[in-house]
Amino acid sequence: YDFPFHLQYTGYVSMNMRTTKNKQFLPQTATGALWTSSNANLSTDATSDAFILQSENKFIYNNTFNEVHKIIGTGLLRTYDGQSFNYTSSTSGNASSNLADPVVGSKVKSSGSGNSEQRSVSMIGQLVYTYDNRYVIRGSLDYEGNSSMGKNNRFGLFPALGFAWNLDQEHFLSDETRQWLTGAKFRVGLGKSGNAPDGSTYYLGAYQSLGTYMSMSAIYPVRMQLDKLKWESTREYDFGMDLEFWNKLKLTFDYYDKKTSDLLLEKTSVPSTTGYDQIRYINSGELSNKGFEFRVDYTILQNKDWTISVNANISRNINKILSLPSTWRYDNYTFGNCNYATKVVE
């Protein structure tokens, strides 16, 4: 919807509904298993439901004052809600190879069910100011919430600021210079972003069935409550430039430096005196990532029918672990196809 005062609204709502039913039957006549085997006349019935609801509401303000002051403001609201349910039942020992459905008299081999829900909301504000197509200042603020985070740190605030200088638009450049310098832009930026754990409500303490204890149902704790779990945050600054000569030769250079703190480490070992052997997630450690990228493009031929160009690029990235908790390690490797060993070195 276009408002009369340089304001535009765009929005959408999407729904994804999915139901999967899976029925399997393995008759004893096909396997030759003994009737006393748990695989004789094996019947499995499984159902899963998933529902995902997403929405986005975006407002854009775009206006130019006195032909030199240009302002673009953006307000964005995103929501996500994903729900899932699954149920599986498996029986064996059905009375006949023609009875594929679980019936009275069969033996329950396994059964299980699960429910999960994950929600997130993101509110983003961005303002871009351009003066005379020469100087550009961009600032943004991202406020995010995720149900996978602990209740004490469910929301995170992530700002960003950038500046660009279009040298080729400067008035002091002579006409002779503009003939060979057809493009020149310098960029610098600083920002922060966040990352939440994968999955649903892993911060919650969880219990598991123990079966029966003294003829009564029993449970025991298997996952620690993580109310103080925080966002994994990444600070990044970068510098770049784009140069173009004679509308044929283009040079692009970027240098970046990232530092990630409060790393979300999964399945970290803890002292057994806590009552657990590991916790699902922990915030600990720092990671550094820095490097540069350089690219050259040259247009050999360009007309209404043909464009022939060549390009080359070179890049270097240095990824370094600055710190990790002393109790964290990869100790769940097992030999097998598609299982890769991982070594972490500080």
Legend entry - Heavy-atom donor-acceptor pair, R18 side chain to I52 backbone, under 3.5 Å: no
Legend entry - Euclidean distance, T47 OG1 relative to Y87 OH, rounded to 0.5 Å: 8.5 Å
Legend entry - Salt bridge present between D297 and K250 (N-O < 4.0 angstrom): no
Inset, instruction - Find the distance between CG (N133) and OG1 (T64) and round it off to the nearest 0.5 Å. - result: 8.5 Å
Legend entry - Same apolar cluster (I L V M F W Y, side chains within < 4.5 Å links), M241/L167: yes
Legend entry - Whether over 12 other heavy atoms sit under 6.0 Å from I314 CD1: no
Legend entry - D198 CG: over 12 foreign heavy atoms closer than 6.0 Å: no
Legend entry - Heavy-atom side-chain contact between F245 and L181 under 4.5 Å: yes
Legend entry - Q225 side chain vs G205 backbone, donor-acceptor pair below 3.5 Å: yes
Inset, instruction - Report yes if the side chains of N317 and N289 come closer than 4.5 Å at any heavy-atom pair, otherwise no. - result: yes
Legend entry - Nearest atoms (heavy-atom pairs only) where L229 meets P197: CD2-CG, 3.8 Å
Inset, instruction - Indicate if F65 and L127 have the same hydrophobic cluster label, given that clusters are the connected sets of ILVMFWY residues with side-chain heavy-atom separations under 4.5 angstrom. - result: yes
Inset, instruction - Return yes if a side-chain donor-acceptor contact under 3.5 Å exists between Y131 and H69, otherwise no. - result: no
Inset, instruction - State, with a plain yes or no, whether a side-chain heavy atom of V296 is found less than 4.5 Å away from one of V310. - result: no
Legend entry - Flag if over 12 foreign heavy atoms under 6.0 Å of NZ, K185: no
Inset, instruction - Using a 4.5 Å cut-off on heavy atoms from C-beta on, say whether the side chain of R235 contacts that of L190. - result: yes
Inset, instruction - Please report the closest heavy-atom contact between L42 and S90, naming both atoms and the distance. - result: CD1-OG, 3.5 Å
Inset, instruction - Run the ring-centre check on F292 versus Y255 and record whether the distance is less than 6.0 Å. - result: no
Legend entry - Whether T44 side chain and Q24 backbone form a donor-acceptor pair below 3.5 Å: no
Legend entry - Y9 with M123, same ILVMFWY side-chain cluster at under 4.5 Å: no
Inset, instruction - Might you point out which heavy atoms bring E232 and L264 nearest each other, and give the distance in Å? - result: OE1-N, 2.8 Å
Inset, instruction - State whether the side chain of S323 and the backbone N or O of E286 hold a donor-acceptor pair below 3.5 Å, judged by distance alone. - result: yes
Inset, instruction - Decide if atom OH of Y135 counts as having more than 12 heavy atoms of other residues, nucleotides or ligands within a radius under 6.0 Å. - result: yes
Inset, instruction - Nearest 0.5 Å please: distance from the OH atom of Y61 over to the CG atom of L7. - result: 9.0 Å
Inset, instruction - Assess the side chains of Y298 and N311: does a donor N or O sit below 3.5 Å from an acceptor N or O? - result: no
Inset, instruction - Check whether any side-chain N or O of W165 sits under 3.5 Å from a backbone N or O of R187 as a donor-acceptor pair, and report yes or no. - result: no
Inset, instruction - List the steps, then state whether side-chain hydrogen bond (donor to acceptor under 3.5 Å, both in side chains) holds for Y203 with R223. - result: CA-CA 9 Å; Y203 70 93; R223 199 168 68 208; over 6 Å; no
Legend entry - side-chain contact (heavy atoms from CB on, under 4.5 Å) evaluation trace for V128 with I71: CA-CA 6 Å; V128 181; I71 296 178; over 6 Å; no
Legend entry - Inter-residue atom distance I60.CD1 - T74.OG1, 0.5 Å rounding: 5.0 Å
Inset, instruction - Report the C-alpha separation of L76 and E56 in whole Å, then their side-chain angles, then the decisive distance to 0.1 Å, and conclude whether the side-chain contact (heavy atoms from CB on, under 4.5 Å) test is met. - result: CA-CA 7 Å; L76 185 66; E56 179 177 288; 3.5 Å; yes
Inset, instruction - Using atom types as modelled and distance alone, determine if a side-chain donor or acceptor of S120 lies under 3.5 Å from a backbone N or O of N146. - result: no
Legend entry - Shortest non-hydrogen separation from D262 to S233 and the atoms involved: OD2-OG, 4.5 Å
Inset, instruction - For a side-chain contact (heavy atoms from CB on, under 4.5 Å) with L263, tell me which candidate from N195, L287, L322 qualifies. - result: L287
Inset, instruction - Report the C-alpha distance between S122 and D142 in whole Å, list the side-chain angles of each, state the deciding distance to 0.1 Å, and finish with yes or no for side-chain hydrogen bond (donor to acceptor under 3.5 Å, both in side chains). - result: CA-CA 7 Å; S122 179; D142 186 3; 3.3 Å; yes
Inset, instruction - Can you measure from CD (Q118) to OH (Y80) and round to the nearest 0.5 angstrom? - result: 6.0 Å
Legend entry - Sidechain-backbone polar pair: T182 side chain, N247 backbone, donor-acceptor under 3.5 Å: yes
Inset, instruction - Search all heavy atoms of D168 against all heavy atoms of A184 and return the closest pair with its distance. - result: OD1-O, 2.8 Å
Legend entry - Qualifying residue for ring pair (Phe, Tyr, Trp, His ring centres under 6.0 Å) with W231, from F158, Y143, Y281, F155: F158
Inset, instruction - Compare every heavy atom of L141 with every heavy atom of P159, then report the nearest pair and how far apart it is. - result: CB-CD1, 3.6 Å
Legend entry - Donor-acceptor pair between D227 and N152 side chains, under 3.5 angstrom: no
Inset, instruction - Compare all side-chain heavy atoms of D81 with those of T79 and state whether any distance is below 4.5 angstrom. - result: no
Inset, instruction - Starting at NZ of K290, measure out to CZ of R316 and round the result to the nearest 0.5 Å. - result: 11.5 Å
Legend entry - Audit row: K109, T91, side-chain contact (heavy atoms from CB on, under 4.5 Å) steps and yes/no: CA-CA 5 Å; K109 183 177 180 180; T91 64; 5.9 Å; no
Legend entry - Joint hydrophobic cluster, F294 plus L243, side-chain heavy atoms closer than 4.5 Å: yes
Inset, instruction - Could you tell me whether the side chain of D132 and the main chain of R134 form a donor-acceptor pair under 3.5 Å? - result: no
Inset, instruction - Say whether, by atom type as modelled, one donor and one acceptor occur between the side chain of D238 and the main chain of Y256 under 3.5 angstrom. - result: no
Legend entry - SB check R119 E117 (cutoff 4.0 Å): yes
Inset, instruction - Just jot down the side-chain hydrogen bond (donor to acceptor under 3.5 Å, both in side chains) partners of R138, sequence neighbours excluded, or say none. - result: none
Legend entry - Donor on one side chain, acceptor on other, S116 and S84, under 3.5 Å: yes
Inset, instruction - Could you go through the side-chain contact (heavy atoms from CB on, under 4.5 Å) check for V13 and L53 one step at a time? - result: CA-CA 7 Å; V13 176; L53 177 64; 3.8 Å; yes
Legend entry - Over 12 non-hydrogen atoms of neighbours within 6.0 angstrom of NZ in K228: no
Inset, instruction - Examine distances only and state if a side-chain atom of N166 and a backbone atom of Q169 form a donor-acceptor pair shorter than 3.5 Å. - result: no
Inset, instruction - Might you confirm whether atom CG of N337 has over 12 heavy atoms from other residues, nucleotides or ligands at distances under 6.0 Å? - result: no
Inset, instruction - Let me see the working for R295 and E293 under salt bridge (Lys or Arg N to Asp or Glu O under 4.0 Å), right down to the final yes or no. - result: CA-CA 7 Å; R295 179 184 173 105; E293 298 176 357; over 6 Å; no
Inset, instruction - For the pair Y1 and F3, name the ring-plane relationship: parallel under 30°, tilted 30 to 60°, perpendicular over 60°. - result: perpendicular
Legend entry - Joint cluster assignment, L249 & L173, ILVMFWY side-chain distance < 4.5 Å: yes
